[in-house]
Amino acid sequence: MNEGAYVQELFGIPFNLSNDIPGLIAAAIVFFLLFWLSRNIQLRPNKRQNFIEWIIDFTNGIIKGIMPDEEGKKFGLLAFTLFVFIFISNQLGLMLQLTANGTSYISSPTSNSMTTLSLAFMVLMLAHFLGVKKFGFKGYFKNTYLSPIPFLFPLSVLEEFTNFLTLALRLYGNIYSGEVLLKLIYKFATSFGIASFIPAIPLELIWQGFSVFIGSIQAYVFVTLTMVYISQKVEKE
């Protein structure tokens with residue numbers, strides 16, 4: 001719970017490998033999983049094809065609930081990629097954790113605030129970019145900050161910062177707290193020998209299952225809010 005970070009310098013640039021390694025592992029899992037699921041696409045889908053099509057329909061459904069017009073169809077791949085990556089990132093720490101000499105090497109990428117802040121920053125910058133691209137800077141500024149009335153300009157600016165923080169910290173807080181509790185259960189299991197090990201087993205299983213559920217919900221919430229923020233920038237108020 002108080003593990004340090006493993007930092008290495010390359011060409012004078014410090015890299016926090018405690019963040020980078022889990023992120024790369026999650027990205028690799030996503031790539032190979034989707035590569036495997038998408039092989040041999042057929043007119044009559046098999047089980048693997050049914051599964052990936054179900055995920056695509058699910059993320060498309062999120063978009064249709066927010067942007068039901070043709071505009072929303074542009075973001076199908078973004079929603080799909082975000083959902084799968086965040087879901088896998090949320091579950092990684094449940095499957096694999098590696099800590100040695102007080103340094104964390106592998107955990108859920110999303111249990112680190114720098115990862116979730118980076119994801120939120122990229123999403124919101126993309127939303128602003130799309131708004132400028134569609135309306136031009138003047139139209140974007142009016143649509144984002146001066147609608148419905150210019151009087152609300154200070155609140156609109158404040159909302160951009162609160163959107164950024166809530167998008168990042170909601171995801172981080174849920175995943176980090178889940179991993180903290182798993183570590184506490186593990187410490188309890190090893191504290192008093194067999195007397196604590198036996199009752200810790202059902203606790204671990206229950207919390208593992210609940211953490212999978214929370215990780216799924218948080219991936220859904222992140223993608224939903226991403227589409228909401230993009231819709232606010234590309235659709236007229």
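Treat the numbers as computed from the prediction; the structure is a model and nothing was measured. We use all heavy atoms of the structure for the numbers below, so side chains are in, but hydrogens, waters and symmetry mates are not.
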Using the side chain to side chain contact (heavy atoms under 4.5 Å, CB included) rule, take S211 and Q91 through it: C-alpha gap first, then chi angles, then the decisive distance, then the call.
CA-CA 8 Å; S211 296; Q91 313 304 333; 5.6 Å; no
Angle class for the [X]/[Y] ring planes (parallel below 30°, perpendicular above 60°, tilted otherwise)?
X    : Y    : result
F137 : Y140 : tilted
F141 : Y145 : tilted
Y220 : F58  : tilted

Locate the shortest heavy-atom distance separating [X] from [Y]; write the atom from each residue and the value.
X    : Y    : result
I63  : A79  : CD1-CB, 3.7 Å
A168 : L117 : CB-CD2, 3.5 Å
F85  : G23  : CE1-O, 4.1 Å
E159 : T162 : O-OG1, 2.9 Å
S107 : P22  : O-CB, 3.2 Å
Y172 : T116 : CB-OG1, 3.4 Å

If you apply the rule side chain to side chain contact (heavy atoms under 4.5 Å, CB included), what do you find for L34 with F80, and how did you get there?
CA-CA 11 Å; L34 296 182; F80 173 78; 3.7 Å; yes
For K134, I'd like to know if atom NZ has over 12 heavy atoms of other residues, nucleotides or ligands within 6.0 Å.
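Above 12, so yes.
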Can [Y] be reached from [X] by stepping across I, L, V, M, F, W or Y side chains whose heavy atoms are under 4.5 Å apart?
X    : Y    : value
F35  : I52  : no
L181 : I206 : no
L24  : I21  : no
L167 : L158 : no
F210 : L203 : yes

Quick check against the 3.5 Å criterion: does [X] have a side-chain atom that pairs as donor or acceptor with the backbone of [Y]?
X    : Y    : answer
S89  : A26  : no
R48  : S38  : no
N143 : E235 : yes
S147 : K142 : yes
E179 : S108 : yes
S231 : I66  : no
N174 : R170 : yes

Nearest-0.5 Å distance that lies between atom [atom1] in [X] and atom [atom2] in [Y]:
X    : Y    : atom1 : atom2 : answer
L92  : I175 : CG    : CD1   : 11.0 Å
L124 : F129 : CG    : CZ    : 15.0 Å
Y229 : T224 : OH    : OG1   : 11.0 Å
L119 : L171 : CG    : CG    : 7.5 Å
L77  : T81  : CG    : OG1   : 4.0 Å
Q208 : F213 : CD    : CZ    : 16.0 Å

Between V234 and M67, does a side chain to side chain contact (heavy atoms under 4.5 Å, CB included) hold up when you go through it step by step?
CA-CA 10 Å; V234 301; M67 291 184 282; 4.2 Å; yes
Worked check of side chain to side chain contact (heavy atoms under 4.5 Å, CB included) between L152 and L146:
CA-CA 7 Å; L152 296 178; L146 304 180; over 6 Å; no
Do [X] and [Y] have side-chain heavy atoms sitting under 4.5 Å apart?
X    : Y    : answer
V123 : L82  : yes
N50  : N46  : no
Q218 : N90  : yes
L78  : I230 : yes

Check salt bridge (charged side-chain N to carboxylate O under 4.0 Å, His left out) between K64 and all other residues, then give those that pass, not counting sequence neighbours.
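For K64, no residue satisfies salt bridge (charged side-chain N to carboxylate O under 4.0 Å, His left out) once neighbours in sequence are set aside.
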Can you tell whether the side chains of E160 and K233 come within less than 4.0 Å, N to carboxylate O?
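K233 and E160: salt-bridged.
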